[in-house]
Structure formats: structure tokens, C-alpha cells
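This structure is a prediction, so every number in the text was calculated from the model and none was measured.
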Amino acid sequence: MNAFLKNMLVIARRDFLAIVATPTFLLFLLAPLFMVGMGAVGGLGASQLADSARGKGRIVAIVDPADVEALRQADARLRGALSGGERPVMLDVRAAGPDAPDPLVIAREKGSDTYAVLSGPLESPRIIERNEGSSSGRYLALLAADVLRDRAAGPVAPVEPRFEAITSGGTSIAAQQSLGFGAVFAIFLMTLLLAGQTVSSMAEEKGNKVIEILAAAVPLESVFLGKLLGMLGVAILFIAFWSVIAVGGGFVAATQIDPAAIAAAGKPAAALAVAPASGWGFFFGISICYFVMAFLLLGAVFLGIGAQASTVREIQMLSLPITIFQVGMFSLSAAAASAPGSDLARFAQIFPFSSPFAMAARAATDGAHGIHPLALGWQAIWVAAVVYLSVRLFRAGVLSSGSGWKFWKKARPVAAAAAAASAAAESPSTH
Amino acid sequence: MTELAVEATGLTKYFEAFQAVDHVTLKVPAGSIYGVLGPNGAGKTTSLRMTLGIIDPDEGTSRLLGGHKPQAVRHRIGYLPEERGLYPGMKAREAIAFMGALRGLDWSEGRRRAATFMTELGLERVIDEKIRKMSKGMAQMVQLIGSIVHAPDLIVLDEPFSGLDPVNQERLEMLVRRERDRGATILFSTHVMAHAERLCDRLAIIARSQRRFEGTVDEARALLPMQVRYTPREQGEAVAALLPAGAEHKGEAWHFAIEENDVEPLLARITASGHGVAGLSIARPALHDAFVHIVRQVDAGFDATPQADAVEEAAA
Ligand SMILES: Nc1ncnc2c1ncn2[C@@H]1O[C@H](COP(=O)(O)OP(=O)(O)OP(=O)(O)O)[C@@H](O)[C@H]1O
Ligand SMILES: [Mg+2]
């Protein structure tokens with residue numbers, strides 16, 4: 001094996017074991033559990049809030065007792081064609097009579113949000129609405145019109161529609177874009193969690209002085225790359241652990257659920273019909289490749305920056321700009337994912353630090369495979385460049401070599417400067 | 001001329017404006033034990049680091065083990081840095097194997113040799129102890145083993161004896177000799193003269209950034225005249241006249257220095273004078289004296305012409 005690779009693996013092995021063989025690693029491994037837990041609690045609260053709010057909203061129609069049934073039917077028909085958020089709030093139909101309360105009083109009744117109240121004859125109803133021009137008011141008017149039209153037309157043979165679902169013909173662009181965004185988000189989340197760890201990984205050797213042994217024994221490039229590789233190993237272990245849990249959990253769930261129920265729900269079939277443009281297999285594979293690249297690239301930057309810091313406090317100070325930088329790359333790539341083919345997307349795909357995210361998003365909307373090896377190569381060049389630069393800076397700064405950069409070297413020696421000064425003094429007419 | 005294991009010429013290093021090392025040349029014959037001596041802050045560590053290519057010299061070059069760049073022969077070199085460092089969470093055996101692996105040694109072979117070395121050096125009880133739990137001296141011995149476990153051809157030790165108890169110092173001396181007998185070249189720095197005196201085939205003395213002496217221990221000692229302690233049987237005013245100017249009378253004895261050529265004429269004078277001899281010792285000065293002598297001379301020279309002034313004059 002190549003000596004450089006061998007050195008790298010020795011460093012990587014040490015780092016990997018040093019991280020994994022500690023109790024704190026268990027905490028780190030289980031961190032997503034806390035995250036999911038927190039998220040679930042928050043989500044539960046939010047959805048309860050929304051549910052209870054929606055349950056309390058209503059619209060009211062006060063109509064002639066003869067019209068009550070027709071109105072209810074019209075409501076059921078119209079409601080069926082509207083989905084989710086467009087669906088109006090619950091309709092409360094009441095029969096008009098001598099002792100029926102005033103619509104204004106109903107509109108102000110406590111205990112529920114009343115968006116609109118219809119009263120009076122259907123031909124010329126009075127509609128009191130909470131917000132002017134609200135859809136609730138329009139909806140009540142529509143109901144009235146529907147009831148009247150039904151009555152005028154007399155009995156009509158019921159329409160017997162035949163519904164046919166399109167089974168092939170591909171996924172909508174919107175769905176593919178969401179997939180792209182999902183990939184960007186997943187990769188971002190994992191790099192945020194894992195790549196930031198590299199910032200402090202050089203501090204250990206500086207703290208316990210092992211750095212001089214390493215610097216004497218192996219090229220610093222292999223130390224840096226080895227550390228990245230060790231951390232990548234940790235990251236992959238982390239992902240593998242959670243993948244196994246997820247797949248295992250999926251199996252358990254599958255055996256618990258009645259297959260007939262799944263078929264009836266029709267959900268899995270719908271989910272599988274959504275496919276990235278490059279195909280599921282390729283998309284998954286390439287996303288993993290891009291995660292590795294994102295990790296190496298951002299990890300290399302953080303490692304290089306962290307290597308310059310000499311105290312824990314300095315490292316802590318660095319973590320904020322680092323997080324901001326990561327979020328910046330995420331936003332750029334997320335924006336690019338929502339506008340495939342745009343100049344912004346192209347920029348995000350080429351700019352080295354957002355490239356892995358943006359290219360993963362591209363795999364969701366663009367079927368071409370050939371571009372990806374090219375992008376991975378481009379990103380690998382940047383990993384190498386960042387490591388090279390980091391090592392240079394490290395040698396110059398931390399090991400005080402000072403001569404990594406020729407112009408610094410020339411600036412340093414006082415004797416040389418003095419000699420230059422006296423030479424200039426002797427020949428003032430040279431320029 | 002024998003082959004050189006280390007051929008570092010004109011090594012120069014500035015830290016900002018301060019010249020830490022000024023054209024230091026180190027030529028270490030292969031298979032020898034070579035000492036770099038000097039007071040604190042003289043530039044020993046910086047010179048060794050440049051020799052090994054850990055930091056780049058501003059001027060000068062270093063070639064090791066037959067004209068190679070230091071980076072090209074890393075796996076044939078062992079190095080104990082002045083600032084000792086090991087991973088505290090590692091077991092001694094693993095730490096040694098790790099250091100061997102860095103230099104290309106097989107892990108399993110490294111672990112095996114680690115046990116052998118540690119047993120030899122009386123550390124068998126702590127072979128599987130974590131570094132964190134060891135005393136400083138023990139950890140230092142572990143690190144020392146780690147820097148020679150891959151049987152390097154060139155071993156560079158920066159103040160290897162500091163922090164060790166006398167027993168471990170003995171063991172280390174034994175180890176250094178054994179490595180030399182194996183065929184390795186050893187270059188080490190120290191400011192403890194006794195070790196240098198016992199071990200070194202050749203040595204260099206660095207003071208105030210420059211190499212001030214290079215040669216064998218005997219050559220260093222020959223820099224100073226012989227030290228004489230003479231106690232006459234018959235004391236008297238006339239004794240002083242027999243002795244060289246500057247002889248000091250302390251109690252019964254006279255202390256003074258003479259050149260080697262003057263020893264026999266002195267003995268003749270004493271015999272002829274009839275003052276007799278109650279006690280007489282004529283000894284070469286110790287390396288310690290030569291070292292102090294050289295360092296004092298350099299310091300005196302510095303106090304006379306401070307370097308800062310010289311630089312300012314040049315710049316003006
Ligand atoms: N990284 C550094 N930055 C600035 N100055 C330094 C640095 N390293 C060493 N020096 C200076 O260079 C000079 C030589 O240091 P060096 O460590 O080589 O001395 P030494 O002979 O090994 O001393 P000691 O016997 O105390 O170990 C010292 O004056 C020291 O202050
Ligand atoms: Mg030193």
C-alpha cells in the first residue's frame with residue numbers, strides 16, 4: 001500500500017477508535033432520538049393547537065325548514081370537490097322560525113369563531129361576515145345558488161362519472177423538486193451534525209503535544225486527511241446505525257399492519273409513484289456520495305480553521321460562523337433546488353461548498369447521470385485544495401515554520417532587511 | 001571520511017526579528033553518538049527540529065542518512081520531542097505500536113516489541129496501563145520506546161534524560177549504547193554534562209544561536225588548561241613563587257591551572273624547592289568546566305557588543 005495512504009489510515013484508525021470508544025459517543029449516537037422526541041412534542045402541540053382552532057370555526061345558515069335538507073346536500077356535494085385547506089369550516093344549518101335568534105347575536109356567540117352567517121330568503125340572503133369579501137361568505141352564497149338551481153331544474157338523472165388514475169407518465173415536477181429539497185435538507189442536517197465535529201479534532205494533538213510526533217513522522221497532509229477520514233468513519237457508523245434502526249423499524253411496522261389496510265389506503269402505491277428523475281437507486285447512491293463529499297469539503301474547511309485555534313474558547317467562538325456558513329450553503333442549495341435550471345441553481349452546483357447539496361437536488365429533477373462523476377471529481381479537487389491550504393497555514397502558523405510562503409520568509413529576517421536597506425542607501429539612483 | 005548520518009549545514013532560523021539559530025552546522029558520523037550541548041534558549045531544539053524538517057529553516061539545508069531530504073527517510077528516523085506528548089487515553093502498548101505504525105511498522109509487531117522493550121526497562125507492570133495513569137517519567141520512557149520501536153537508523157532525542165530518576169537515566173544510557181551497537185546513529189541534546197561526557201563520541205556546543213565548539217569530549221576538555229591542586233608539606237611565602245601567577249591559596253592547598261607542557265617543569269621546581277608534597281592532583285578539566293568556560297566567553301563577547309546595536313548601525 002502507498003505509504004501516504006497507510007499513514008492516513010493509521011491516523012484515521014486512532015481518531016475513529018478514540019471517538020467511538022467513549023461513553024460520550026453513545027450520547028452522540030442517540031442525539032437524533034432527543035431531536036425527534038423534541039420535534040414530536042413540538043409538532044403534537046402545534047397540531048393540537050391547529051385542530052382545536054379549526055374545530056371551533058364555523059359558518060351558519062339560518063334557512064326555511066324546507067330548505068334545510070337541500071342545503072345540507074349541496075354542502076356535502078361542494079365540500080367533496082374541495083381539499084384540505086381549501087375546504088370551508090363546519091356548516092351549522094338552523095331552521096328559521098319566530099324564535100330564531102338574531103344573526104348578529106349568532107355571529108357574536110362565544111365558544112366558537114363564526115366566520116359568516118346567512119339568513120333571510122335564499123333568493124336574496126343577508127350574509128354577515130367577519131372579514132369583508134371572505135371565502136366563507138362566498139361559499140354560503142354559492143350554497144344558496146346551488147339549492148335554487150336544483151329546485152329550478154327539477155329531478156335530473158345523477159351523473160355517473162368514471163374516475164381513472166394515471167398510473168404511468170412520471171412524477172410531477174413539483175414532487176421531484178420536493179424530493180430534491182428533501183435530499184438537500186437531509187444532507188445538510190447530517191453535515192451540520194457531523195462535519196462541525198472536525199473543528200476541534202486538531203485541538204487534541206495541540207493540547208497534548210502529540211502534534212510534534214505526528215509532524216515528524218508523517219506528512220501533515222496525511223494527518224489532516226486521516227482525521228477527516230476518521231470522522232467520516234464515525235459519521236458513517238452513525239448513519240448506518242440509524243439506517244438499521246429505520247429499516248428494522250419499518251419491518252416491524254410492516255408485520256404489524258394488515259396488508260389489506262395498506263392496499264385500501266392506497267398510500268404506498270402513491271408514494272412509490274413519486275420518483276426522482278434519475279431513478280430511486282441512482283438517486284440514493286449519488287446522494288450518499290454527495291453526503292460524503294459535503295462532509296469532506298466542509299469538514300476540511302472546519303478542520304483547517306480549527307487547527308489555527310489554540311484554545312477551547314477560540315474553538316467555541318469559531319463554531320458560530322461555521323454554523324452560519326453551513327446554513328448559508330443550505331439556503332443557497334435549497335433556493336437552487338426550487339428553481340432547477342436557473343442561473344442560481346447553476347451557481348450553487350458549481351460553487352464548491354454548496355455543490356454537493358445542489359447536485360443532489362439536481363439528481364432529483366434531472367435524469368442525466370453523466371454530470372455526477374464530473375461534479376464529484378470537481379468537489380474532490382476542492383477537498384484536496386482545502387486540505388493543502390490548511391496544511392500550509394498550519395505549518396506557517398502553528399509549527400512556526402514561517403517559510404511556507406516565500407514572501408513571508410523574505411520579510412522575516414532582520415539582517416536581510418537591513419542588508420536590503422543599506423544596499424538601497426548605497427545605490428539611491430537605481431530606480 | 002566516514003559516511004554522515006546527519007549533514008545539516010548553515011541552519012538559520014528567525015522568529016520574527018529574533019535570530020534563534022545562526023548558521024549552525026551539524027555533521028554526525030554514521031554509527032556514532034553525538035551530543036548537542038548548550039544553555040537554555042541556545043537554539044538546540046530549534047536546530048534539531050530544522051534538522052528533521054519539522055520546521056523549515058530560513059537558510060541552510062539538512063540531509064539525512066546518505067543525502068536524503070528529511071521527509072524522504074521519515075520511516076528510518078526516531079524522534080523524541082522536547083515537549084513530551086502521548087494520547088492519555090491510550091494504553092502504553094498501543095501508544096508504542098501507534099508510534100511504530102506512524103513510521104511504517106506493523107501493528108502486531110509493534111505491540112510485540114513494545115512488550116519486550118517495556119519488560120527490559122522494568123515497566124512490565126504497566127504494559128496495559130493507560131498513559132493517563134502513569135507518572136511523568138514512566139510516560140517518558142514509554143514515549144522513548146515508541147521513538148525507537150521501529151529500529152530506526154537515526155535516533156534524535158531532545159533532552160532525553162530530563163525528568164528521569166537516576167535508575168532510569170542509567171537504563172536510558174544503556175539503551176542508547178545498545179542502539180548504537182545495533183548500528184544506529186544517535187543525536188541528542190542535553191545540558192547535563194555527565195551524560196554527554198559518558199556517552200558522546202563527538203559533540204557540538206551551541207550558545208547564543210551559534211555553534212561555538214565541535215569535536216570530541218577530550219578535545220573540548222583540552223580547551224582549558226590542567227587543573228592543579230597542590231598542598232606543600234612545608235608552607236611558606238616562597239611557595240607562591242614556584243607556582244604560576246594567579247594561584248589561589250585556599251586553606252592548606254593551592255589551586256591553579258597550567259598548560260600540559262608546563263606540568264613536568266612544575267614538578268621539577270617543586271622537588272628542587274624542598275617544600276615537599278603533602279597532596280597533589282593534576283587533572284584534565286571536566287566537560288562541565290569546558291562548557292561553562294565557552295558559554296561565559298560567548299556571553300562576555302555579547303555583553304561587550306550587543307547585537308541589537310550592530311543591527312541598528314547596519315540599518316542606519
Ligand atoms: N515557536 C517559537 N516562536 C518564537 N520564538 C521561539 C520559538 N521557539 C523557540 N523560540 C526562541 O528561540 C530560542 C531558541 O529556542 P530553543 O527551544 O531552540 O532553545 P533550546 O536550546 O532548546 O533551549 P532549552 O535548553 O531551554 O530547551 C529561544 O530564545 C526561544 O525563545
Ligand atoms: Mg530545547
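- At a 4.5 Å heavy-atom cutoff, B/L52 makes no contact with chain A through either its backbone or its side chain.
- Of the atoms belonging to A/A216, heavy atoms from both backbone and side chain fall under 4.5 Å from chain B.
- A side-chain donor from one of B/E59 and B/H23 sits under 3.5 Å from a side-chain acceptor of the other.
- Counting non-hydrogen atoms of neighbouring residues, nucleotides and ligands closer than 6.0 angstrom, the CZ atom of A/F25 exceeds 12 such neighbours.
- Pairs engaging residues 34-81 of chain B under the ring pair (Phe, Tyr, Trp, His ring centres under 6.0 Å) rule: none recorded [sequence neighbours left out].
- Taking chain B as the reference chain and counting heavy-atom pairs below 4.5 Å, the highest number among A/N7, A/I11, A/L214, A/V210 is found for A/V210.
- Residues B/T12 and B/D58 bring no donor and acceptor atom of their side chains to less than 3.5 Å of each other.
- Interface remark: B/R84 contributes backbone atoms only to the contact with chain A (heavy atom separation under 4.5 Å).
- Within the 4.5 angstrom heavy-atom criterion, only side-chain atoms of B/M99, from C-beta onward, approach chain A.
- Applying the side-chain hydrogen bond (donor to acceptor under 3.5 Å, both in side chains) definition to pairs two or more places apart or across chains, those involving residues 217-243 of chain A are A/D15-A/K227, A/E205-A/K227.
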